[in-house]
Amino acid sequence: MRGPWVPVLIVVLLLLLGYWTESMTFGAFAVFMAAWFWGGLAGLGAAAVTWLMYLGHGLSDRTMLLDALGLAFVAVGGHLLKRRADALSLRQARIRGSLRAILHASKRVARFEDPDELLRRAPRFFEEGPARGACVLRVEDGEVRVESGDCRPEEWREPLLRASQSDEPLYLDGGGRGPYRFLVPMCDRYVLCVEPAGPLEEDERDLITAFANLVCLVRRRLQENREAEQFSRLMTALASSRSLTEASEKVIQLLLPVLGASSGLVVIFRGGRFEPLAMVGRIPEAERELLENGLPAGWGGVWRSYIQRRPLFIDDYGAFDLKVDSVYEAGVKSLAFVPVSGERRARIVLVIQDDKVRSWEDEERDFLVLVARGLGLMAEQFLTRERMNALLRLEREVFDSPIELAYDRLLAYAVRLVPGGEAGSLLVRTPEDDFRYTASLGYEQEGLKKIRFSLEDVRDVWYGAGEEAWSRGEPRVFSAVEQDIAEVSYKTAPIEVIDQAGRVREIKANLCLPIVYQGEVLAVLNIESFSDPEAFDDESIEAARFFAQQAALLLHEQHYRNLLERAAHTDPLTGLPNRRAFDREFTVMWQSAERYGYPLSILVMDLSRFKEVNDRYGHAAGDQVLVRVGRVLSEITRNGDRIFRWGGDEFAVLMPHTALLGAVRAAERYARAIEQVCVETTCVGVNIGAAAFPEDTRDPSELIKLADARMYQAKRSGLVVEPRS
């Protein structure tokens, strides 16, 4: 429209003047002006026809003026229609141009192979389209970062945040005056910003939105292809691994360059601590020292990820509430903790570290979860194989060990092999049909040894799952969340002992397992967790059942082997343990005393006047004297002391928890009892040598030699006991 208001005023004034003066000249000028301004050639033609009608029919000037006025308005309407048609034609042409540009860009999108490069190049696709500029922005936690393109989002930050949060496109037109911006949320917290030169039609906005969705779809496909390729390489590496440690190292070595991270590790939770299976990359020395000693339960992000059973991604480690200061100060700035799980609960955590603050992308998180899943499936196979090998080793070690050490080793393997175990104890059934502690791990064994449990207490109160389940050897699990474990314990044992030696108030979960052989419960295995109320799951129960089958066979065989050994280690005349039994039990007692730091004393005895009995009354009488001496010593021995016949007329006593002075006083009591053994008028006597650890020596062989030497010194000096009290 050429100067719209001026032509309108001119035409109106001419028509009014013509109407007022009844002069056709003014009307003719008005018609021609209207036709010229708004009607073009069509208007001029219409004006000419009207003029001829006027000449041919003799219309009045006033009528002619009214016709001219109508013609002028017709010309205006025609002009407006033409203008709208031209605008529609231009709009269609522009949309066709935008469509061609976006179709061309779509073809280019399909040729990309790198998803990151596709995102960086996305703004360039609009160079031939409806925009004078475009950019891709990353919006995360209220922070905006320009990924590609050229734009300054500071001025329109709030609308940008609204668009990213609503996931709906947002069109900004500046109130119809510009500047114009179209914000389209894309995948993975990205936003496409298109800045057109003029207003965007709705169809154009739909095209831009469709293109943004196309970029996301192609990018996701490229990421999936890349992840599939990387995952294939990882699974190939896992399949060629010979151990869980080797598999873990290979996974980290392949992950670090893909993620651009600085280091990684895989840890497994055993015995209440996270032990490293693999450490690869730039591991800070301070962190390496922590890991080599094992991370205790409750520490850092690895514990939170383990206990919550879900991945944990930390962009800025400095702001993390469970930050380990020494690790952060050593240079670790960003971390990812991913539980490694297959078909069962994770006991392993994959940790990826970076020495710079970073944002963990959605595709990186998904990929790490996928990798952890693959490693978890492989880990289950390795752990199952490890349990099988451990049971084979256990069988060899148990049969090569004295019965006391066999119990310790059996328990140690159980705690290690049953997932979730941190401590444990083994109750063995005695010939008197009660139960006593024969081994413990994580508890005070000396305190537990004092406790005896009746069958009813163990089966009906502590186990509490019914006699039928007891006879089948069904595992029973207690959780401190569901039941007060201490209160149940107090019903079966003295509170003061079980509180201190048994640490019952610290137990968060307990797995109780009757070990059954041919329907008879030989022992009861207890495995505890001090850190996790849900430590024992289906995997733990399955492992416990498998272990119980092997343990029952071992305990049964050990029981019969013990009977044979007892025969081989028993003096047939007196029924006392012989010198072979002394050597074995002395080794066990010495190791225990040295480990727990309590004293151990030994008495070596030699009967006097025994040769006189043999010579005067015969060897039968001498044998009877030996039997009576053995019986007398057994009757007055203290609880815990062990009496042995060394051979001939020599006896020995092992006295745990006894210092030298106590041993000498006990020797004097033994001597007075032996002096009451007589054959007719001849009574035997005794010479005793005493020695104690650690007062006299810290060498086991020296302890025996010293006691023997003191016995001979007493005999030469005519003393009963050496040293004297």
Side-chain angles (χ1 to χ4, degrees), residues 387 390-418 421 423-441 443 445 448-478 489 492-493 502 510-528 536 540-569 584-585 588:
R387 292 186 189 119
L391 287 172
L392 292 174
R393 290 196 305 272
L394 172 63
E395 183 176 356
R396 291 194 300 269
E397 291 182 16
V398 165
F399 284 121
D400 291 340
S401 304
I403 186 65
E404 293 80 2
L405 293 181
Y407 290 142
D408 287 336
R409 289 176 177 171
L410 189 71
L411 177 62
Y413 272 92
V415 172
R416 183 172 181 83
L417 293 178
V418 175
S425 59
L426 184 65
L427 288 164
V428 173
R429 197 168 185 171
T430 68
E432 293 77 24
D433 215 27
D434 60 6
F435 288 84
R436 67 181 181 89
Y437 285 106
T438 57
S440 65
L441 183 65
Y443 300 106
Q445 174 66 9
L448 295 179
K449 278 184 176 179
K450 303 174 183 176
I451 309 175
R452 295 289 186 272
F453 301 94
S454 68
L455 172 62
E456 291 75 18
D457 280 345
V458 177
R459 181 188 62 199
D460 302 331
V461 179
W462 173 244
Y463 177 70
E467 189 169 348
E468 185 177 344
W470 167 269
S471 299
R472 292 199 311 269
E474 288 292 326
R476 186 272 299 138
V477 173
F478 274 169
S489 299
T492 63
N510 164 271
L511 190 154
C512 180
L513 177 68
I515 298 178
V516 180
Y517 184 81
Q518 294 184 349
E520 181 184 5
V521 177
L522 302 179
V524 175
L525 173 67
N526 287 291
I527 302 176
E528 281 87 26
F536 304 117
S540 306
I541 292 173
E542 182 180 323
R545 281 199 180 104
F546 184 71
F547 177 82
Q549 297 172 4
Q550 305 299 318
L553 291 172
L554 292 175
L555 287 174
H556 174 72
E557 294 297 328
Q558 186 72 12
H559 172 69
Y560 282 99
R561 186 167 69 95
N562 191 40
L563 293 179
L564 294 174
E565 287 184 354
R566 185 176 299 174
H569 290 75
R584 186 188 65 176
E585 294 204 28
V588 174

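Remember, predicted model here, so these are calculated numbers, not experimental data.
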Quiz item: How many angstroms lie between CD1 in I451 and CG in D457, if you round to the nearest 0.5 Å?
Solution: 11.5 Å
Exercise. Would you check if W470 and V524 make a side-chain contact, meaning some heavy-atom pair closer than 4.5 Å?
Key: yes
Practice problem: State the CG-OH distance between L455 and Y463, to the nearest 0.5 angstrom. | Solution: 13.0 Å
Quiz item: Sub-3.5 Å donor-acceptor pair from the side chain of R429 to the main-chain atoms of V521, do we have one?
Solution: yes
Exercise. Scan F435, F478, F453 and name whichever one has a side chain to side chain contact (heavy atoms under 4.5 Å, CB included) with W462.
Key: F478
Quiz item: With a 4.5 Å limit on heavy-atom distance, are the side chains of N526 and L427 in contact?
Solution: yes
Exercise. Report the distance from atom CG of L513 to atom CZ of F547, rounding to the nearest 0.5 Å.
Key: 8.5 Å
Self-check item: Gap between atom OH of Y443 and atom CG of L411 - 0.5 Å precision
Solution: 9.5 Å
Exercise. Starting at CG of L426, measure out to CG of L448 and round the result to the nearest 0.5 Å.
Key: 11.5 Å
Quiz item: Which distance, rounded to the nearest 0.5 Å, do you find between the OG of S489 and the CG of N510?
Solution: 8.0 Å
Practice problem: Heavy atoms only: give me the nearest A552-L522 pair and the separation to one decimal. | Solution: O-CD1, 3.9 Å
Quiz prompt | Closest heavy-atom pair and its distance - S425, E528 | solution = N-OE1, 4.4 Å
